[in-house]
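Notes for the one structure printed next.
Naming convention: chains lettered A, B, ... in sequence-line order (proteins, then strands); numbering from 1 in each chain. This one's a predicted model, so the numbers in the text were calculated from it and none came from an experiment. The figures here come from the full heavy-atom set of this structure, side chains too, leaving out hydrogens, waters and symmetry mates.
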Amino acid sequence: MRIATWNVNSITARLPRLLAWLESTGTDVLCIQETKSTAEQFPAAQLRELGYESAVNADGRWNGVALLSRVGLEDVVVGLPGGPDFGGVQEPRAVSATCGPLRLWSVYVPNGREVAHDHYTYKLAWFEALKDAVAEDAAGARPFAVLGDFNVAPTDDDVWDPALFEGATHVTPAERAALAALRETGLSDVMPRPLKYDHPFTFWDYRELGFPKNKGMRIDLVYGNKPFTGAVSDAYVDRDARKGKGASDHAPVVVDLDL
DNA sequence: ATGCCTATTAAAAATAGA
């Protein structure tokens, strides 16, 4: 089975690429982030023509997540139970479902913006709620994984120049401690292979030649429990999907499983 | 070439991304 996670930066703008990518890679389950759509605008019909069912949590121009599956999609949970509000609302940043033998989450962790910003406090609270929400499944016997845009670089090796990130979000001890606490529930970071260069970056800014100069970050992660990681046969970042006109600023992380 | 930011909302400029 092949599963993947991809921050598409607008499902509407990315739809032609997304459909072609699903067909060319033969992906069975895809976790999507930043649909930037309402649930009504989500192209469920076109995806169904390709054989995928959709579980969507989306409400407008920002955020939005989804799960696509052609191996079953059951017991869908929309949202992060116990998750914090921002601006008085629960933003659409999580959806989970059972896809064949797997229990999976698609998550879009809040960015944080700046360390002094309310959004950063919100980010840490969101991580705390995520940890509590997944703990039981993480410790369970069923293959389980949280996939998505975590908006944290787990180590200094996961940014192209750690010195440039001094004092910025995505690299702070508190954010990395939140990741460690999540792993403590029984999850491990499934490290993908880079298909070029030394680091499996998953995001490159659109500005200043980020991609051609490989000024990237690894912030799109796959956190799986033991039954999940034990079934992993390969994992890689599909950097080809970041090339050319009309690309997202994130590349997909692909995981192959012996399941 | 992998190439100097993109998407949305809304009708110009603001917001968000990281």
Take atom [atom1] of [X] and atom [atom2] of [N], then tell me their distance rounded to the nearest Å.
X        : N     : atom1 : atom2 : answer
A:Phe211 : B:dT6 : CZ    : P     : 14 Å
A:Leu15  : B:dA7 : CG    : C1'   : 15 Å
A:Leu209 : B:dT6 : CG    : P     : 11 Å
A:Lys196 : B:dT2 : NZ    : C1'   : 7 Å

Hey, can you tell me if A:Phe150 and A:Tyr223 have their rings parallel, tilted or perpendicular (30° and 60° cut-offs)?
-> tilted

How does each nucleotide of nucleotides 13-18 of chain B score, in 5' to 3' order, for protein heavy atoms under 4.0 Å: base (B), sugar-phosphate only (S), or none (-)?
-> -BBSBB

Taking only residues two or more places apart in sequence or in another chain, which ones pass ring pair (Phe, Tyr, Trp, His ring centres under 6.0 Å) with A:Phe228?
->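 None.
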
List for me each residue that meets ring pair (Phe, Tyr, Trp, His ring centres under 6.0 Å) alongside A:Phe127, sequence neighbours excluded, and say none if there are none.
->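 So A:Phe127 forms no ring pair (Phe, Tyr, Trp, His ring centres under 6.0 Å) with any residue.
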
Counting any heavy atom closer than 4.0 Å, what does A:Ser248 reach on the DNA or RNA strands: base, sugar-phosphate only, or nothing?
-> nothing

Is the shortest distance from a Lys or Arg side-chain nitrogen in A:Asp28 or A:Arg70 to a carboxylate oxygen in the other one below 4.0 Å?
->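 Looking at A:Asp28 and A:Arg70, the cut-off is met.
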
Should A:Arg218 and A:Asp189 count as an ion pair when the cut-off is N to O under 4.0 Å?
->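 A salt bridge links A:Arg218 with A:Asp189.
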
Say you pick atom [atom1] in [N] and the same atom in [M]; how far apart are they, in whole Å?
N      : M      : atom1 : result
B:dG3  : B:dT8  : C1'   : 25 Å
B:dA12 : B:dA7  : C1'   : 16 Å
B:dC5  : B:dA18 : C1'   : 13 Å
B:dA10 : B:dT15 : P     : 14 Å
B:dC4  : B:dT9  : C1'   : 26 Å

Pick the nucleotide of DNA chain B nearest each of A:Ile11 and A:Tyr197; which residue has the one closer to the 5' end?
-> A:Tyr197

Taking for each residue the nucleotide of DNA chain B with the nearest heavy atom, is it A:Ser10 or A:Gly244 whose nucleotide lies nearer the 5' end?
->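 Result: A:Gly244.
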
Within the distance-only criterion (no hydrogens, no angle test), does the side chain of A:His199 pair as donor or acceptor with the backbone N or O of A:Asp157 below 3.5 angstrom?
-> yes

With distance as the sole criterion, is a donor-acceptor pair present between the side chains of A:Asp238 and A:Trp21 under 3.5 Å?
->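 A pair is found: one side chain offers a donor N or O, the other an acceptor, under 3.5 Å apart.
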
